[in-house]
Amino acid sequence: MLSGTDLLYWRRKRDQWRSLAERAPDDATADYLHQVFAPTAQAIDGLERALADLGLRQDALALDLRRPQDCFHRTWSTAFRVTELVTLNDPDTLGPALPIESEELTA
C-alpha cells in the first residue's frame with residue numbers, strides 16, 4: 001500500500017533512478033535499469049494521479065514530514081493498493097483507484 005505521505009519520497013527515488021540510468025556505462029545497462037524501475041514508476045504515477053483525483057496532490061507534495069502536526073493530515077490516512085496504482089494510467093482501466101478505508105488498513 002502507498003499513502004499520500006509516500007509521494008514525495010518515491011518521486012525523489014524515481015529521480016535518483018533516472019539519474020543512475022543516465023550515467024550508465026552503456027545503453028544496454030541504461031535500458032535494463034529503466035526496465036527494472038518501470039513498475040515502480042507506474043505505481044508512483046498512479047499514486048500521483050489518484051491523489052490528484054481526490055484533490056490531495058498538492059497537499060502531499062507540500063507535506064513536511066519533520067512537522068508532527070502534519071501526521072494528522074488526511075494525506076496520511078489516504079492509502080491505495082499498489083496493484084491499483086500500477087494500472088491507473090492504463091487506458092483500459094475503468095475509473096479511479098479507490099482509497100482503502102481505515103478499517104481495511106488494520107485488517
Side-chain angles (χ1 to χ4, degrees):
M1 281 183 279
L2 290 175
S3 73
T5 57
D6 296 312
L7 180 61
L8 199 54
Y9 172 82
W10 284 107
R11 283 182 76 183
R12 288 180 183 148
K13 285 295 182 189
R14 180 178 56 194
D15 292 343
Q16 289 174 348
W17 298 332
R18 287 179 180 160
S19 176
L20 181 64
E22 288 173 7
R23 294 177 302 185
D26 54 52
D27 289 343
T29 304
D31 291 342
Y32 172 77
L33 291 171
H34 285 301
Q35 180 183 2
V36 168
F37 298 133
T40 304
Q42 288 175 325
I44 296 165
D45 292 342
L47 176 61
E48 192 161 356
R49 179 174 170 207
L51 290 169
D53 289 348
L54 294 173
L56 293 173
R57 181 182 174 275
Q58 290 305 320
D59 291 338
L61 292 174
L63 197 63
D64 185 352
L65 299 178
R66 298 168 295 183
R67 296 178 52 204
Q69 62 269 30
D70 282 348
C71 295
F72 300 105
H73 192 275
R74 183 175 169 213
T75 307
W76 280 86
S77 61
T78 305
F80 303 89
R81 289 183 177 83
V82 174
T83 53
E84 291 180 4
L85 295 174
V86 169
T87 61
L88 193 58
N89 290 321
D90 184 353
D92 297 331
T93 302
L94 302 172
L98 300 175
I100 299 168
E101 299 299 325
S102 58
E103 53 274 357
E104 289 182 59
L105 292 173
T106 58

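What you see is a predicted model; the values in this text were computed from it and never measured.
The two residues Leu61 and Leu8 come nearest to each other via the heavy atoms O-CD2, 3.8 Å. Pairing each heavy atom of Ala21 with each of Leu33, the nearest pair is CA-CD1, 3.8 Å. Listed here is the closest heavy atom pair of Trp10 and Ile44: O-CD1, 3.3 Å.
Applying the salt bridge (Lys or Arg N to Asp or Glu O under 4.0 Å) definition to pairs two or more places apart or across chains, those involving residues 12-31 are Arg14-Asp45.
Leu20 contributes atom CG, which lies 10.0 Å from atom OG1 of Thr29 (distance to the nearest 0.5 angstrom). Of the inter-residue distances, the one linking Asp6 atom CG with Glu48 atom CD reads 13.0 Å to the nearest 0.5 angstrom.
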